[in-house]
Enquirer: 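Structure incoming, see below.
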Amino acid sequence: MLLQCRNITYRYPHGEALVFNQLNCRLADPGFHGLFGPSGVGKSTLARIIAGEIIGFAGEITRPDNAVMLYSCNTERLPGWSSVGDHLAKVTPASQLPLLRELITAFDLNSCLDSRFSQLSLGQKNRANLTRYLLQDFDLLIMDESLANVDEATRKQIIATIKKMFPDKYFLYISHSVAEVSTFCARILVLRDVLKSPQIIEVAGRDQHGDTAMDRAVLERTMLEIVHAA
Amino acid sequence: MNAAAVRSIFLLCLICLGALLSGCERQSPEPGEEVVYRLKWLYNINTAGDLYGLEHGVFTAHNLKVAVKPGGPERDAIREVELGRAQFGVASADQVIRALAKGAPIVVIAQLFQGNPLQWIYRGGNADYAGPDDLRGKTVGITYGGNDETIMRSLLAKYSIPPSEVNLFSVRYDYTPFYSGEVDLWPIYRNAEGIVIGEKMARAGEKTSFFVPDLLDVRFVANSLITTRKMVEEHPDLVQSFRSALLTAWQEALAPANTEKTIALVHAYDQNTPQEIIAKQLAATRELMLPENGRFGQIDVAAWQQTERIMLEQGVIEAPVHVDKVLLLDGR
Amino acid sequence: MLPKRISQFLIIYFLGLGLLLAIKYCFSLSDYVIPGFTDIENTAADVFGRYLRAVLDTLGVAVIGHLLAIALATVVAIAGRGDNLVGAMIKTAAYNLQAYPIVAVAPIIFILLGDGLPSRLLIAAIICYFPLLLSFIGILTEPVASIEHFYVVTGRMRWQLEVKIRAFENIHKLMTVVTGSATLAMVGTIVAEFIGADSGIGYSLRIALYQSDMAKVLAALFLIGVFNSLYLVSLELLGLVIQKNMGVEPRMN
């Protein structure tokens, strides 16, 4: 097990209301995990607490020593003073350069390498940003709407590639799309309103790999389960 | 530029024009109305008589209601008098002559200083500047553009001393170059800063003396009382009354019997200067203001003409202004 | 850009001059109060060469003073951008010191440094330094989370990179502040020359005012305006080149 959150209670600085109350969750196995919930329920906040970017909460998070947990989101930008290719090369450890080339091909970034980040489409921006995180040393990568602007086919291909290339890593995939998390994630943490208990319910997803056929009825059952849980 | 912007600019111009025009509106005082008297400098010993007239009822005794306003580097009494913002003012002869050269309609109704207080202080122990030739090889402070520059250049020309033989040094309010010995002669108002610096040097064990252009026959008239020709023509009684009141006030302020009163009065307006210094300043002022014949305020026409001649020779003015024509010896 | 700046200045200058002349002729004021057109023309022709050299002298000092101020403000803002004791002290000192009227401090500078170039440079630099510093501190203190986050979480963030990101992201603001402060540098130099120096157009202005010569003052103001406009245009062009080289969409102030 990589991560276990026990009795997490948190309110925003200077805020009165609780965001989390005695929240419990865990990431037991490597692979794609989903974090789903209505807008404003605190998905990004929980993700940043897990990544260690937010402190000042009550409760306990247990994780192995030296575990690297990175949080990425779709609003991040690359600096504008150099091209995307230069930037990616600069932030890639030497040992990961072959991986960089693979990801560039897999994520269809070849045409963007000579451009500045501001010149890319939203989908290209998301892919370039995700690429640089995948090149870092990590145990868990949180992808907060990281593929929000990528078209469905490419998104499917990217997720499949990630699953194939990083079978031993943990991913926490945050999305508003119930179909998406149901399809791609092995376990889905459904984050609910603070007044509900338990605040997180775990639902099994379909964890699709590549182009494997998906039983439509099973998928719909999963989706319904998630929606009911939320 | 769109029509709205043009309208805004036009409106702004109109407002500015209105404000400026109202500022330029000439005012002639009605009988019994307050008259404004603009001094040449800030309140100090050189305004003792003006303050005396105000505070000891001399103006009131002459049925005058006077607002005495301090001058300063940014104030020009001649402009204020011409613009009608003041009815009387104090200006030095060089200012008057410059203004006349530009067509200013002003007249001189009294000459306050009989001797020019603008002199040069020097260390008495180091050198003796008894004659102009002693200036050769010395560093002499002048205010470029100021009347001290005109006086010094005129003096050098009069005594055939090439400017190359005197090191002219640009001076400001900071006296450090004089204290440090970098400058040998420093221009000061003898009855004001002259006393203060002399005292400081004396405390440091150094004797000081003054280089007096008047004694070398370079006579440059200092503070005088001015008004406009229009005032003299339209309000002759008011002009007479003011002139008389002011001269009386100065006489009384400088009278030995009123010494204590005058010192206290000047100190009340100029609290940075200790009373013992004001006492010495008052004594020096008496010597510069009271003429030998006792006619306080008399206009020394010859000195005015020499001032004009110096300015003409120095190229400060381009053509004669015939200053004698604006000197109203008895204020009429 | 240049014709626009110059023409804007000329319109304002000649509007002002026209207003003065209108007042002069409306109220039959003497040339002493407001000089006539011929007087201004003759005086301008007479002093042009001398004033041109003086204004170039002033501009040179203003440019160097401005560069010094930019360099100093950059260094202090970098030191003061942190959310620590040093940063807090620098920010407090900057906010308090900028309230001091430099004109009041200038005579002390002249006493300490004399009336030569160092005093003029220092006063010019100080007058434009504080507005620059406050803007630079504001810009360099504000995190650009969307870019910095990656470097922070991957342990790559260094102070140089942080400064580079924040400066780059605010390049338009920085250029506006730098251009705006150029006028202050010019004003600072002129004030310094007016108060204590022995050269430059401020010194010439002081002499003209001593002599109550408004025509000379107007001639000096004309040259100051023209060269100030030229300096501003040069900075704007430089800003455009910098923005272009950095791959930022060039934007005029």
Side-chain angles (χ1 to χ4, degrees), chain A residues 44 47-55 66-93 96 112 114-120 122 125-126 128-146 148, chain C residues 70 74 77-78 81-84 87-88 135-136 138-178 237-253:
Chain A
S44 298
R48 293 181 63 213
I49 285 176
I50 289 170
E53 291 182 17
I54 291 178
I55 51 173
N66 302 324
V68 178
M69 304 194 178
L70 298 181
Y71 169 86
S72 72
C73 67
N74 66 332
T75 55
E76 286 185 89
R77 294 182 293 139
L78 274 63
W81 59 74
S82 60
S83 67
V84 171
D86 285 347
H87 174 79
L88 289 176
K90 203 166 182 181
V91 298
T92 305
Q96 299 283 60
C112 319
D114 293 330
S115 305
R116 306 279 171 143
F117 187 73
S118 59
Q119 295 167 323
L120 307 186
L122 287 174
K125 284 177 179 172
N126 283 177
N129 183 43
L130 180 59
T131 302
R132 62 176 180 167
Y133 274 99
L134 289 169
L135 292 162
Q136 310 307 312
D137 178 27
F138 68 89
D139 297 291
L140 167 68
L141 178 61
I142 300 167
M143 297 164 61
D144 190 351
E145 304 276 0
S146 292
Chain C
I70 292 170
T74 306
I78 288 171
R81 81 192 191 290
D83 198 13
N84 50 26
S135 302
F136 283 14
I139 286 168
L140 295 184
T141 309
E142 198 60 46
V144 185
S146 60
I147 294 181
E148 290 175 21
H149 176 262
F150 171 79
Y151 294 102
V152 173
V153 298
T154 58
R156 286 189 169 80
M157 185 57 95
R158 303 285 178 271
W159 71 263
Q160 297 95 325
L161 181 62
E162 186 179 276
V163 169
K164 189 175 177 181
I165 291 171
R166 293 176 188 181
F168 181 85
E169 286 298 308
N170 292 285
I171 192 74
H172 295 304
K173 271 190 213 167
L174 285 173
M175 288 313 302
T176 305
V177 172
V178 166
L237 284 173
L238 185 68
L240 290 181
V241 171
I242 291 172
Q243 289 171 35
K244 203 175 162 193
N245 284 341
M246 290 180 95
V248 182
E249 191 184 333
R251 198 189 299 164
M252 286 283 295
N253 296 319

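First the proteins, then the strands, lettered A, B, ... as listed; each starts at 1. What's counted below: heavy atoms across the whole structure, side chains too, no hydrogens, waters or symmetry copies. Note that the structure is predicted; figures quoted are calculated from it, not measured.
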Enquirer: Please classify the contact between A:R116 and chain C as side chain, backbone, both or neither, with a heavy-atom cut-off of under 4.5 Å.
Expert: side chain
Enquirer: For C:F168, which atoms come within 4.5 Å of any heavy atom of chain A: side chain, backbone, both, or neither?
Expert: side chain
Enquirer: For C:V153 versus A:E53, what's the shortest heavy-atom pair and its separation?
Expert: CG1-OE2, 3.2 Å
Enquirer: Assess whether side chain to side chain contact (heavy atoms under 4.5 Å, CB included) is satisfied between A:R77 and C:V144, documenting all intermediate values.
Expert: CA-CA 10 Å; A:R77 294 182 293 139; C:V144 185; 3.5 Å; yes
Enquirer: Let me know if A:Y133 has heavy atoms under 4.5 Å from chain C in its side chain, its backbone, both or neither.
Expert: both
Enquirer: Is it the backbone or the side chain of A:F117 that comes under 4.5 Å from a heavy atom of chain C, or both, or neither?
Expert: neither
Enquirer: Tell me, for C:E169 versus chain A, whether the close heavy atoms (under 4.5 Å) come from the side chain, the backbone, both or neither.
Expert: side chain
Enquirer: What part of A:E76 lies closer than 4.5 angstrom to a heavy atom of chain C: side chain, backbone, both or neither?
Expert: both
Enquirer: Select one option (side chain, backbone, both, neither) describing which atoms of A:Q119 are under 4.5 Å from chain C's heavy atoms.
Expert: neither
Enquirer: What distance separates C:F150 CZ from A:L78 CG, expressed to the nearest 0.5 Å?
Expert: 8.0 Å
Enquirer: Any side-chain heavy atom of A:V91 sitting closer than 4.5 Å to one from C:Y151?
Expert: yes
Enquirer: Could you tell me which non-hydrogen atom of A:P79 sits nearest to which non-hydrogen atom of C:I147, and how far apart they are?
Expert: CG-CG2, 4.0 Å
